[in-house]
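Counting convention: from 1, in listed order, for ligands and their atoms alike.
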Amino acid sequence: MTTERGRFITFEGGEGAGKTTQVGKLVEALAASGRPVLRTREPGGSPGAEKLRSLLLAGGVDWAPQAETLLHFAARADHVAKLIRPALAAESWVVCDRFYDSTMAYQGYGQGAGRPFIAEQIRLLGIAPDLTIVLEVPEAVGLARLRQRGDDADRYERLDAAFHRRVREGFRAIAAAEPGRCVVVDASRDIDSVHADVIQAVRSRLGNA
Ligand code: TMP
């Protein structure tokens with residue numbers, strides 16, 4: 001679906017999977033190999049989308065799941081238009097910490113927003129990652145890493161264990177349904193082993209494109 005000349009890579013996974021660390025290491029590796037690369041994240045990435053991120057993560061509001069889904073897609077529409085498409089058009093590689101699979105996993109599988117409704121939003125968005133790395137950790141490992149971080153939990157992190165189980169199940173189902181785009185990496189290991197698998201996935205799926 002992507003018609004631009006750059007390459008678009010997303011990282012996905014439940015809480016405490018180590019996405020932020022792995023995004024940083026991949027961006028470093030791509031930059032070291034001389035590629036122009038943009039690091040970004042969701043929800044957020046562009047100024048308009050970052051405003052929506054604050055709203056979405058702050059808590060204190062109980063939106064209907066479909067409304068919450070559309071807020072994520074509103075943020076995403078701005079992010080794609082203002083940052084991702086222009087970067088890809090300028091032949092940059094884009095590495096994004098979470099993208100639309102998070103909406104399917106968290107709002108679809110987790111909050112019950114309706115998967116066909118979300119699938120339709122994905123279709124309307126009109127852009128798909130070239131490669132999605134799904135970092136998978138056992139529940140206990142994810143929770144322990146989250147606690148270690150020690151910062152204030154956001155709205156989603158505060159949801160119960162059953163919610164997070166559904167989210168993990170969602171990511172597994174997404175990866176199984178789209179093996180051409182998604183690679184599942186066992187992220188319970190040390191940082192460098194996980195990074196080596198990420199690099200391997202990028203090489204084998206995207207080559208020197
Ligand atoms: P982060 O912790 O990776 O920065 O992500 C922020 C939270 O937002 C995380 O708990 C997952 C959640 N989220 C959704 O619920 N739906 C989405 O579409 C995205 C991008 C994130």
Check: Between R98 and S102, does any side-chain donor sit less than 3.5 Å from a side-chain acceptor?
Finding: yes
Margin query: For T10 and T132, which I'm curious about, is there any donor-acceptor pair between the side chains at under 3.5 Å?
Written below: yes
Tell me whether [X] reaches ligand 1 (any heavy atom closer than 4.0 angstrom to a ligand atom).
| X | value |
| --- | --- |
| Q111 | no |
| E15 | yes |
| R41 | no |

Notebook entry, point to check: When you check the gap from the basic side-chain N to the acidic O, do D192 and K25 get nearer than 4.0 Å?
Noted result: yes
Margin query: Using a strict threshold of under 4.0 Å (side-chain N to carboxylate O), is an ion pair present between E139 and R165?
Written below: yes
In ligand 1, which numbered atoms sit nearer than 4.0 Å to a non-hydrogen atom of [X]?
| X | answer |
| --- | --- |
| R53 | 4 (O) |
| Y106 | 10 (O), 11 (C), 14 (C), 15 (O) |
| Q107 | 14 (C), 15 (O), 16 (N), 17 (C), 18 (O) |
| T103 | 17 (C), 18 (O) |
| E42 | 20 (C) |
| K19 | 3 (O) |
| R76 | 18 (O), 20 (C) |

Check: Does an N or O from H72, backbone or side chain, lie closer than 3.5 Å to an N or O of ligand 1?
Finding: yes
Checklist line | D97-ligand 1 polar pair, N/O distance under 3.5 Å | finding: no
Checklist line | Minimum side-chain heavy-atom gap D78-K51 below 4.5 Å | finding: no
Notebook entry, point to check: Heavy atoms, side chains only, cut-off 4.5 Å: are Y109 and V167 in contact?
Noted result: no
Among all the protein's non-hydrogen atoms, which is closest to [atom], and how far away is it?
| atom | value |
| --- | --- |
| atom 12 (C) of ligand 1 | Y156 CD1, 3.4 Å |
| atom 21 (C) of ligand 1 | P43 CD, 3.5 Å |
| atom 3 (O) of ligand 1 | R98 NE, 2.7 Å |

Check: Should the pair R76 and F73 be classed as cation-pi, given the thresholds of under 6.0 Å to the six-membered ring centre and 45° from the axis?
Finding: yes
Check: Hey, what's the ring geometry for Y156 with H72, parallel, tilted or perpendicular (30° and 60° as the breaks)?
Finding: tilted
Checklist line | Main-chain N/O of D154 paired with E157 side-chain donor or acceptor, under 3.5 Å | finding: yes
Please list every donor-acceptor pair under 3.5 Å in which a side-chain atom of residues 52-62 meets a protein atom from a residue at least two apart or in another chain.
unit_1: R53; atom_1: NH1; unit_2: P43; atom_2: O; d: 2.9
unit_1: S54; atom_1: OG; unit_2: E50; atom_2: O; d: 3.2

Margin query: Counting only heavy atoms closer than 4.0 Å, does ligand 1 sit against the backbone of L57, its side chain, both, or neither?
Written below: side chain
